[in-house]
Amino acid sequence: MGKSTISAALARALLELAVSKGASRTALVERSRIDPRRLQDPDNRIPLSKCVVLMRTGQELCNEPALGLQLGESLGIAELSIVGLIGQACETLGDTFVQMNRYSRLVADIDGATTGDRFVLRREGGQFWLIDTRKKPNDFPELTEFSFARMVCESRRGAAEQFAKAVHVTHAAPVYRAEYDRIFQVPVVFESDKNALLADEEWLTLRSPLASRYVFGILSERADDLLKSLQSSKSTQGRVQTLLMPILHTGDPGVNTIAGKMGLNRQALLGLLKAEGATFEKVVDELRHKMALEYLNGKKVSVNEAAYLVGFSESAAFSGAFKRWTGRSPGEYTGRTSLAKRLLLQPVAFLLFGSFWLLEAVASLSTGSRPDWMPPQADIIAVPISWVSLKVGPRVAAALAFFVGILFVSLALAGFISLLRRSAKIATET
């Protein structure tokens, strides 16, 4: 359980529920040793061991042993960080299950079965089951209670149907057995051979009222990034980089220092890195490269300040390393970045100018003058259009406006394409 984590969003929801039921916020924070600042960003990770202490402390201070069940009952799917929002954007509840399983580690990154999926759908004896494959579930049965209560109550809220026909759990019946009956409203079997929900298979085909392919695509991309970050933080290289960042500016992030922070000796750390195909020097170099680009791309610091922050005492040494990383000096790199930003202004201006011409063409055909919703600056276009309209007629004037508008919009698109190609080339070089 030591390496397992949960999302800060889940830990915060548990904290707030316990406080709402009378627990002292100060006592909850002090006894669980959770930094309240870590709870502000829902994508942060909180050790599961601290969440266990928070749960047990909340149960004690609230005199409410059913706190896990009640958290699942009260917490909506969208409050579970980005995973819940992805579930809402899916087309059917079956799709929601697939995606929730895919990203479940963003909510609770814990030991699962060898299949890699924490939740599996399985037919046994002619029945359809949703099974939680978490290892050693009775060490923290409140997590099982929370998970099942959330699924059942959320389906009841969203689809207005009860998809679960029975609940099976591996732990013994608690003193708050009545809460199980109130929340689940179906038969509950304790000390079962599995943690599972007996389900109605037809619920997989029910459609979500908030389905959106566009929203799903955006959220999935963000969730993939978070999943990669979570995986990286669990690798030796990721852990080393995390420990390096606060001391990178010292210029001498020794392997012995990092090994000591990880509770290892030098040889053990080097052996773990070697197993991942890396060396300590390579990890340090890659981190310096990554941080240097972030500092210079964001224009947060000067070249000299960036050199110091990534651990170079001399600008010349930093320039040499930067040229090895990117093929350019820091000055050339920042100059190209600034040029790209300046070049972006031209196609934007063309796009706006062309759009005004096209809108004026439509307006001249329908009203013969600038409509109220167009800004006064459009008079610079409306006046010549009106003059041409008086001389040769409104249709010719509109045709001229369409031509000029299409011309400038085309120039804008050409400019954007050119910038994209330039950016792709720079990205390849770096």
Side-chain angles (χ1 to χ4, degrees), residues 4 6-29 31-32 34 36 39 42 46 48-81 83-84 87-88 100 104 107-108 110 118-119 130 132 134 137-192 195-197 199:
S4 300
I6 65 168
S7 72
L10 179 53
R12 182 176 180 178
L14 173 57
L15 176 69
E16 296 300 333
L17 179 62
V19 170
S20 73
K21 291 181 175 292
S24 163
R25 186 183 300 272
T26 300
L28 290 168
V29 169
R31 289 173 60 175
S32 66
I34 295 176
L39 301 180
I46 306 298
L48 180 62
S49 56
K50 291 186 176 183
C51 182
V52 172
V53 176
L54 178 62
M55 176 68 76
R56 304 282 160 77
T57 302
Q59 292 169 332
E60 174 190 337
L61 297 181
C62 299
N63 192 28
E64 182 50 83
L67 200 60
L69 276 176
Q70 294 171 0
L71 178 64
E73 177 188 26
S74 63
L75 188 61
I77 189 172
E79 299 174 69
L80 272 177
S81 77
V83 182
Q88 286 187 334
M100 295 286 283
S104 65
V107 177
I110 55 181
R118 177 181 168 188
F119 297 100
L130 187 156
D132 185 349
R134 180 165 62 100
N138 291 354
D139 288 351
F140 188 33
E142 292 90 343
L143 186 57
T144 303
E145 294 177 335
F146 160 75
S147 300
F148 284 173
R150 178 184 57 79
M151 291 179 186
V152 171
C153 294
E154 185 65 29
S155 72
R156 196 181 295 148
R157 285 191 291 264
E161 293 188 28
Q162 174 80 307
F163 85 91
K165 298 190 290 186
V167 177
H168 283 230
V169 292
T170 56
H171 54 269
V175 295
Y176 50 91
R177 162 65 197 265
E179 279 293 270
Y180 274 83
D181 296 330
R182 181 186 68 82
I183 290 174
F184 291 115
Q185 301 175 22
V186 294
V188 179
V189 177
F190 294 94
E191 298 183 82
S192 174
N195 287 301
L197 298 177

How long is the gap from CE on M55 to CD on E60, to the nearest 0.5 Å? 14.0 Å
Pair R182-E73, side-chain contact (heavy atoms from CB on, under 4.5 Å): steps then yes or no: CA-CA 10 Å; R182 181 186 68 82; E73 177 188 26; 2.9 Å; yes
Taking side-chain hydrogen bond (donor to acceptor under 3.5 Å, both in side chains) as the definition, give me every residue that meets it alongside T57, ordered by chain and number, with sequence neighbours left out. none
On a heavy-atom basis, which atom in F190 and which in P174 lie closest, and how many Å separate them? CE2-CD, 3.5 Å
Between N195 and V169, what is the shortest heavy-atom contact and its length? OD1-CA, 3.2 Å
Indicate the atoms forming the closest heavy-atom contact of L130 with M151, along with that distance. CD2-SD, 4.0 Å
Shortest non-hydrogen contact between S32 and K50, atoms and distance: O-CG, 3.5 Å
With the threshold set at 4.0 Å, does a side-chain nitrogen-carboxylate oxygen contact exist between R25 and E16? yes
So how far is it from L54 CG to I34 CD1, rounded to the nearest 0.5 Å? 4.5 Å
Run L71 and L10 through side-chain contact (heavy atoms from CB on, under 4.5 Å) and show every step you take. CA-CA 9 Å; L71 178 64; L10 179 53; 3.9 Å; yes
Any idea how Y180 and F184 line up, ring-wise: parallel (<30°), tilted (30 to 60°), or perpendicular (>60°)? tilted
Measure the spacing between CD1 of I46 and OG of S4 and express it to the nearest 0.5 Å. 14.0 Å
What is the minimum heavy-atom distance between A18 and L67, and which atoms define it? CB-CD2, 4.3 Å
Any donor-acceptor pair under 3.5 Å linking the side-chain atoms of S147 with those of R134? no
On a heavy-atom basis, which atom in E179 and which in A66 lie closest, and how many Å separate them? CG-CB, 3.9 Å
Report yes if some heavy atom in the side chain of V189 is under 4.5 Å from a heavy atom in the side chain of V167; otherwise report no. no
Using side-chain hydrogen bond (donor to acceptor under 3.5 Å, both in side chains) as the criterion, list what pairs up with K165, not counting sequence neighbours. none
Could you measure the distance from the CG atom of L48 to the SG atom of C51? Nearest 0.5 Å is fine. 6.0 Å
Once rounded to the nearest 0.5 Å, what's the spacing between atom CG of L143 and atom CD1 of I6? 8.5 Å
Once you round to the nearest 0.5 Å, how far does CG of L69 lie from OG1 of T144? 10.0 Å
Evaluation steps, side-chain contact (heavy atoms from CB on, under 4.5 Å), between Q59 and E64: CA-CA 5 Å; Q59 292 169 332; E64 182 50 83; 6.0 Å; no
Under a 4.0 Å N-O cut-off, is there an ion pair linking R150 with E145? no
If we ignore hydrogens and angles and just use 3.5 Å, is the side chain of E142 paired with the main-chain N or O of G68 as donor and acceptor? no
